[in-house]
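When a residue number appears, it is its place in the shown sequence, counting from 1. In this text, all values refer to a predicted model and were calculated from it rather than measured experimentally.
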Amino acid sequence: MYYIGVDLGTSAVKLLLMEGSGRIVNIVSREYPLYFPHPGWSEQEPRDWWTNVVEGIKELTSGCDRSQVAGIGCGGQMHGLVILDENDEVIRPAILWNDGRTQKETDYLNNEIGKDKLVELTANIAFAGFTAPKILWVKNNEPENFKRIRKIMLPKDYLAYKLSGCFCTDVSDASGMLLLDVKNRCWSKEMLDICGISEEQMPKLFESYEVVGTLKKDIAEELGLPETVKIAAGAGDNAAAAVGTGTVGDGRCNISLGTSGTVFISSSHFEKNDNPAIHLFDHADGTYHLMGCMLSAASCNKWWMDEIISTKDYSGEQKGITDEMLGNNHVYFLPYLMGERSPHNNPSARGAFIGMSMDSTRTDMTQAVLEGVAFGLRDSVEVARKLGIRPERTKICGGGAKSPLWKKIIANVMNMKVDVIESEEGPGYGGAILAAVACGEYASVEEAASMLVKVIDTVEPDPAIAARYEEQYRKFVKMYPALKDTYSEI
C-alpha cells in the first residue's frame, strides 16, 4: 500500500509518496505566494494551499497504481489562524506563525491574564506567533470579521477539512494555539472565554495517528483516488518532523533547520513548565515534548545568499570555510530577522552583524550567518539543560541539514553528536508514517519510527573546535541583552 505525507510549509507544499516498507517512491514540491501587507505581518491565502495540494497529489500519484493509496497524513506550519464563516468560506487571509502584529494582545495575555495563569491553563505563556493572540487581534481590529467566525482551524487542518469534511485538529498542533489544556489534551474553556470564542467554533481533537475520516466522494473523483483513502489527523510540522526523524520515546532530540529553527526533545511524561521560554506541547506519539523555536533559521542563509550577495551557489559560498576557521570568526550574526520567539519572546528583535572590521570578508559573514543560527538554537538547548534535560545526541532535518558544513557547526556549537538519517524529508515523511499507523500498517508511532527511520551517518564534535565555540557562545549570549532596548526604539 501507499501513503501520502503532506508538508504544508511557509513557502511551498512538499508531498511525499511512501510505500508501507518506508521506501519513498516520489516527491513533489509546489510553491505559493507569501504576503507581507504591512511591516511585520505575514499572510497566505488558504486557497493557494488547497490548489497546490490537489494538483500536487495528482502529479505525485501519476506513476503509481492509485487504487493502492491507503492513507494521507498532513504535517504543516503551526499557529496560523484560518477562519471560516457559516458558508465554509475563508473570511480573511491566514495569519501565519511568523506574523508579529499581535504584540498588544500578547502583552495583554502575559501581563493582565498573567503568565502563571497561562501556564496553569495551557502549560505555556503567550508568544506573538501563537493563535490565541491572533484571535484577539481580529476581535480588536476586525470586529466584523470576528462576528462572522464559525470555524477556527490551523493551516494543515484546513487541508484535512477539504479532503474529508471533518472539522478536526490534532493535539500536537493544537498545543501551539494557547487554547489547549496540554496536560489533559482537551480545550481549555477558560482560555476560550478569555478569547471570546466557544468550543463549538473549535475543531474536534484527535491524536495525530487517529483516523478523522475518508476522502469525500467529489475529492476522490478529482484526485483519481479511492473513497476509502483514510485521512489521519496529522501533526504540527515540528512534531511531524520528529516522527519522520524517529524522535519518539523519552529524551530524544531533533534539530530542524527549516525556514524556522527548532530544538525538539521528546518526553514520556508531563512536567510543569518551569521555564516557559521554551514550549511544552503534546507529541504526535501520544506523549509530550519540549520545543524551542527560533523564527529565522535556514531563511537567514537564504536571505543572505539571495538578497544580499545575490547568488544561488550556496555550497560554493561555504567551500572556503575550513575547520581552522570554525570557532575563530571575529564576526557575529544575530539571527532575528523576523523577531524572535525562544527564548527571548521579542517580535521587535532584528538581525545584526557585529564585529566587522576592514579585513572582514564575504566568507566571514557567510560563516557568521551559519554560526548565528547555531548559537540561537543553542539558547534553547541551554534552557533544556537548566531543566535537567541533557541529550547527548540529536537527529537533524530541514533544508539547512543538507549542508555538511552546517551540520559540523551544529555538532560543535552544541557539543553533541548529530545523527544523519536516510531520509531528511522530516514533516512529509512523518505525515506518511502517521497515515501508515492510522491505517494499521504499524501498531504504534514508536514501532513505525523504529522500523523505518535509519541513521546513516553521525557527525561528532571535535574537542578543539567545540572548545573554541564554547568561548564564542559566551560572547554571543551577551549581545542580545546589549541591543534589547535599541530594538524597541527602532
Return the [atom1] to [atom2] distance between [X] and [Y], rounded to the nearest 0.5 Å.
X    : Y    : atom1 : atom2 : value
S208 : D173 : OG    : CG    : 8.5 Å
L179 : I197 : CG    : CD1   : 5.0 Å
K402 : C397 : NZ    : SG    : 9.5 Å
K408 : L370 : NZ    : CG    : 12.5 Å
L205 : E210 : CG    : CD    : 10.0 Å
L15  : R30  : CG    : CZ    : 9.0 Å

Side chain proximity check, [X] to [Y], heavy atoms < 4.5 angstrom:
X    : Y    : value
E105 : K139 : no
L225 : I57  : yes
I91  : I83  : yes
V138 : L81  : yes
F270 : L280 : yes
D181 : T122 : no
L109 : P133 : yes
V420 : T458 : no

> Is there a salt bridge (charged side-chain N to carboxylate O under 4.0 Å, His left out) between E190 and K117 once you walk through the steps?
Replying inline: CA-CA 10 Å; E190 193 165 347; K117 185 67 172 177; 3.4 Å; yes
Between the side chains of [X] and [Y], is a donor N or O closer than 3.5 angstrom to an acceptor N or O?
X    : Y    : result
Q318 : S403 : yes
W97  : T10  : yes
S42  : D99  : no

> Run the side-chain contact (heavy atoms from CB on, under 4.5 Å) check on E207 and V171 step by step: do they pass?
Replying inline: CA-CA 6 Å; E207 293 293 338; V171 290; 3.5 Å; yes
>> Going by ring-ring contact (aromatic ring centres under 6.0 Å, His included), name the residues that satisfy it together with F127, two or more places apart in sequence or in a different chain.
In response: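 Result, ring-ring contact (aromatic ring centres under 6.0 Å, His included) vs F127: F130, H279.
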> Considering residues, nucleotides and ligands other than K454, do more than 12 of their heavy atoms fall under 6.0 Å from its NZ?
Replying inline: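 Yes - once you tally the heavy atoms of other residues, nucleotides and ligands closer than 6.0 Å, there are more than 12.
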> Just wondering, more than 12 heavy atoms not from R385 lying within 6.0 Å of its CZ?
Replying inline: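 More than 12 heavy atoms, drawn from other residues, nucleotides or ligands, come within 6.0 Å of this atom.
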> Can you check side-chain contact (heavy atoms from CB on, under 4.5 Å) on E89 and L84, steps first, answer last?
Replying inline: CA-CA 5 Å; E89 295 295 328; L84 274 58; over 6 Å; no
> Do any pairs count as a side-chain hydrogen bond (donor to acceptor under 3.5 Å, both in side chains) and have a residue in residues 64-81, sequence neighbours left out, and if so which ones?
Replying inline: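 Counting only pairs at least two positions apart or across chains, the side-chain hydrogen bond (donor to acceptor under 3.5 Å, both in side chains) contacts touching residues 64-81 are Q44-Q77, T61-R66, D65-S67, H79-R341.
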> Between E144 and R148, is there a side-chain N and carboxylate O pair less than 4.0 Å apart?
Replying inline: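 So E144 does not pair with R148 through a salt bridge.
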> When you check the gap from the basic side-chain N to the acidic O, do R92 and E43 get nearer than 4.0 Å?
Replying inline: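 Here R92 pairs with E43 in a salt bridge, since their nearest N and O are under 4.0 Å apart.
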Which heavy atom of [X] sits nearest to which heavy atom of [Y], and what is that distance?
X    : Y    : answer
A449 : G246 : CB-CA, 3.9 Å
V82  : L154 : CG2-C, 4.2 Å
M1   : A70  : CE-CB, 3.7 Å

> What pairs with E447 under salt bridge (Lys or Arg N to Asp or Glu O under 4.0 Å), at least two apart in sequence or on another chain?
Replying inline: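 E447: no salt bridge (Lys or Arg N to Asp or Glu O under 4.0 Å) contacts found.
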Return a table of donor-acceptor pairs under 3.5 angstrom between the side chains of residues 287-307 and protein atoms on other chains or two or more places apart.
{"from": "T287", "atom 1": "OG1", "to": "S267", "atom 2": "O", "distance (Å)": "3.4"}
{"from": "T287", "atom 1": "OG1", "to": "D285", "atom 2": "OD1", "distance (Å)": "2.5"}
{"from": "T287", "atom 1": "OG1", "to": "D285", "atom 2": "OD2", "distance (Å)": "3.3"}
{"from": "Y288", "atom 1": "OH", "to": "K183", "atom 2": "O", "distance (Å)": "3.0"}
{"from": "H289", "atom 1": "ND1", "to": "D282", "atom 2": "O", "distance (Å)": "3.2"}
{"from": "S299", "atom 1": "OG", "to": "T259", "atom 2": "O", "distance (Å)": "2.8"}
{"from": "S299", "atom 1": "OG", "to": "A297", "atom 2": "N", "distance (Å)": "3.4"}
{"from": "K302", "atom 1": "NZ", "to": "D306", "atom 2": "OD2", "distance (Å)": "2.8"}
{"from": "W304", "atom 1": "NE1", "to": "T366", "atom 2": "OG1", "distance (Å)": "2.9"}
{"from": "D306", "atom 1": "OD1", "to": "Y314", "atom 2": "OH", "distance (Å)": "2.8"}
{"from": "D306", "atom 1": "OD2", "to": "K312", "atom 2": "NZ", "distance (Å)": "3.1"}
{"from": "D306", "atom 1": "OD2", "to": "Y314", "atom 2": "OH", "distance (Å)": "3.4"}

>> Between D88 and K151, is the salt bridge (charged side-chain N to carboxylate O under 4.0 Å, His left out) condition met? List the steps.
In response: CA-CA 8 Å; D88 280 354; K151 292 183 176 73; 2.9 Å; yes
> Which ring-ring contact (aromatic ring centres under 6.0 Å, His included) pairs, counting each pair once, include a residue from residues 221-242, with sequence neighbours left out?
Replying inline: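 Every candidate ring-ring contact (aromatic ring centres under 6.0 Å, His included) pair involving residues 221-242 fails, so no pair, neighbours aside, qualifies.
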>> Going by ring-ring contact (aromatic ring centres under 6.0 Å, His included), name the pairs with one or both residues in residues 178-232, residues two or more places apart or in two chains.
In response: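 The answer is none; no pair qualifies.
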> When you look at M177 and M202, which way does the side-chain contact (heavy atoms from CB on, under 4.5 Å) test go after all the steps?
Replying inline: CA-CA 11 Å; M177 298 181 81; M202 301 303 296; 3.8 Å; yes
